[in-house]
Amino acid sequence: MSSRLTGVGVGPGDPELVTVKGVDALRAAEVVVVPVMDTGERGRAEATVLHYVPAEKVVRVVFALNERTDRKRREAAWDAAGERVARLLREHGSVAFATIGDPNVYSTFTYLAQTVGELVPGVVVETVPGITAMQDLAARSGAVLTEGTEPLTLVPVTAGSAVLKEALAGPGTVVAYKFGRRAAEVAEVLRETGRLDDAVWGSALGLPEESVRSAAEMDGTPLPYLSTLIAPPRRAGGRGGKL
């Protein structure tokens with residue numbers, strides 16, 4: 001039988017937001033891999049997984065999750081992680097990889113699956129969707145992501161504040177991921193585009209250190225790296241005005 005690698009989205013941090021299908025996939029796999037940084041601390045994915053599977057079933061694999069500039073080091077870490085998961089697949093047959101959010105939205109699983117696919121011919125790769133940070137922040141803040149014909153634009157601020165500014169100049173809601181270290185730039189772009197007052201940001205959603213606040217409160221102090229921003233458009237015309 002073919003070996004099977006399943007990317008499982010475990011949500012933004014609150015263990016209650018893992019889907020039933022996600023829990024079933026974690027429990028059905030012989031091994032559950034969780035990504036960790038080379039510093040070794042427990043990440044959100046691992047903490048969430050341990051609510052549903054025993055620790056002896058969990059394998060921690062190092063990824064260069066915080067490496068943004070050294071491409072050679074980052075790719076070497078991807079290669080090493082892929083080889084480790086390939087060995088696990090040969091030994092066990094079925095491996096689940098737990099990733100925060102959704103495995104098809106800015107996830108490390110994408111790179112892992114590509115690497116493993118080259119190392120393990122015939123491996124079956126599947127994904128189980130997870131709740132994203134923007135969905136969780138919308139629920140916790142009361143922000144409406146889209147109405148009627150509005151578009152929704154998702155921007156990683158690691159691409160630069162100019163990309164965010166271009167998105168904010170357009171219609172619809174803009175969601176920004178990974179903006180915490182550039183919070184001052186983001187606040188200025190929101191101000192320039194007239195989006196500051198209605199925007200909200202959040203970090204550590206569902207965790208004890210959770211913070212959900214108005215973007216107007218940002219004072220230039222760097223925020224946690226995995227902060228999420230929702231900047232809705234001005235909505236006029238009353239109920240159904242965007243239809």
Test side chain to side chain contact (heavy atoms under 4.5 Å, CB included) applied to Val8 and Thr99, step by step: CA-CA 6 Å; Val8 181; Thr99 177; over 6 Å; no

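- Inter-residue side-chain proximity for Val34 and Val59 is flagged as unmet; no heavy-atom pair is nearer than 4.5 Å.
- Cluster annotation: Tyr52 is not connected to Val33 through the hydrophobic network of ILVMFWY side chains, with a link wherever side-chain heavy atoms come within less than 4.5 Å.
- The same ILVMFWY cluster, assembled from side-chain heavy atoms under 4.5 Å apart, contains both Val31 and Val116.
- Around the OH atom of Tyr111, the shell of radius 6.0 Å holds no more than 12 heavy atoms that belong to other residues, nucleotides or ligands.
- Judged purely by atom type and a 3.5 angstrom limit, Arg44 uses its side chain to pair as donor or acceptor with the backbone of Pro12.
- Side-chain atoms of Ser227 come within 3.5 Å of backbone N or O of Pro224 as a donor-acceptor pair.
- The number of heavy atoms from other shown groups lying within 6.0 Å of CZ (Arg90) is above 12.
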task: Please test Val186 against Leu229 for side chain to side chain contact (heavy atoms under 4.5 Å, CB included), starting from the C-alpha separation and ending with a verdict.
output: CA-CA 9 Å; Val186 169; Leu229 174 84; 3.9 Å; yes

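- Note: the hydrophobic cluster containing Ile230 does not contain Val155 (ILVMFWY, side chain heavy atoms under 4.5 Å, direct or indirect links).
- Between the side chain of Glu150 and the backbone N or O of Glu147 there is at least one donor-acceptor pair closer than 3.5 Å.
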- request: Report the C-alpha distance between Thr6 and Val128 in whole Å, list the side-chain angles of each, state the deciding distance to 0.1 Å, and finish with yes or no for side chain to side chain contact (heavy atoms under 4.5 Å, CB included).
  value: CA-CA 7 Å; Thr6 306; Val128 177; 3.9 Å; yes

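- The two residues Ala98 and Val49 make their nearest non-hydrogen contact at CB-CG2, 3.3 Å.
- Distance CD/Glu188 to NZ/Lys165: 8.5 Å, rounded to 0.5 Å.
- Expressed to the nearest 0.5 Å, how far CG of Leu137 lies from CD of Glu210 amounts to 9.0 Å.
- Using modelled atom types, one side-chain atom of Ser94 and one backbone atom of Glu30 make a donor-acceptor pair closer than 3.5 Å.
- The closest side-chain donor-acceptor pair between Asp102 and Thr132, if any, does not fall under 3.5 angstrom.
- Residues Leu168 and Val175 are members of separate hydrophobic clusters, defined by side-chain heavy-atom contacts under 4.5 angstrom among Ile, Leu, Val, Met, Phe, Trp and Tyr.
- Going from atom OG1 of Thr228 over to atom NZ of Lys178 covers 10.0 Å, rounded to the nearest 0.5 Å.
- Surrounding CD of Glu166 are at most 12 heavy atoms belonging to other residues, nucleotides or ligands under 6.0 Å away.
- Across Pro121 and Leu119, no two heavy atoms sit closer than the pair CD-O, 3.4 Å.
- Nearest heavy-atom pair, Ser211 versus Arg213, reported as atom, atom and distance to 0.1 Å: OG-NE, 3.4 Å.
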Candidate pair Arg4 and Val95, rule side chain to side chain contact (heavy atoms under 4.5 Å, CB included), full reasoning: CA-CA 6 Å; Arg4 186 176 303 272; Val95 173; over 6 Å; no

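- The CD atom of Glu185 lies 12.0 Å from the CG atom of Leu190; values are rounded to the nearest 0.5 Å.
- Checking side-chain atoms of Thr19 against main-chain N and O of Gly22 turns up a donor-acceptor pair under 3.5 Å.
- Two rings, from Phe63 and Phe109, have their centers 6.0 Å or more apart.
- A distance-only check finds a donor-acceptor pair linking the side chain of Thr173 to the backbone of Leu145 [under 3.5 Å].
- Taken together through direct or relayed side-chain contacts under 4.5 Å among Ile, Leu, Val, Met, Phe, Trp and Tyr, Val105 and Val157 form parts of separate hydrophobic clusters.
- One distance of note links CZ of Arg191 with CG of Leu196; it measures 5.5 Å at 0.5 Å rounding.
- No side-chain heavy atom of Pro171 sits under 4.5 Å from any side-chain heavy atom of Pro233.
- Atom-to-atom distance recorded for Ile100:CD1 and Glu46:CD is 13.0 Å, nearest 0.5 angstrom.
- Counting only distance, with no hydrogens or angles, the side chain of Asp14 and the backbone of Gly206 share no donor-acceptor pair below 3.5 Å.
- Looking at Tyr106, its side chain never comes within 3.5 Å of a backbone N or O of Tyr177 through a donor-acceptor pair.
- Relative ring orientation between Phe179 and Trp201 is described as perpendicular, the plane-to-plane angle rising above 60° on a 0-90° scale split at 30° and 60°.
- Taking the side chain as every heavy atom from C-beta outward, Leu89 and Arg87 never approach each other to under 4.5 Å.
- Counting non-hydrogen atoms of other residues, nucleotides and ligands closer than 6.0 Å to CD of Glu217 gives a total above 12.
- Of all heavy-atom pairs spanning Thr221 and Asp219, the tightest one is OG1-OD1, 2.8 Å.
- Heavy atoms only, all atoms of each residue included: Glu209 and Ala204 are closest at CG-CB, 3.5 Å.
- Between Arg182 and Ser161, the shortest heavy-atom distance links the atoms NH2-N, 4.0 Å.
- For Lys57, the NZ atom sits in a packed shell: over 12 heavy atoms of surrounding residues, nucleotides or ligands are nearer than 6.0 Å.
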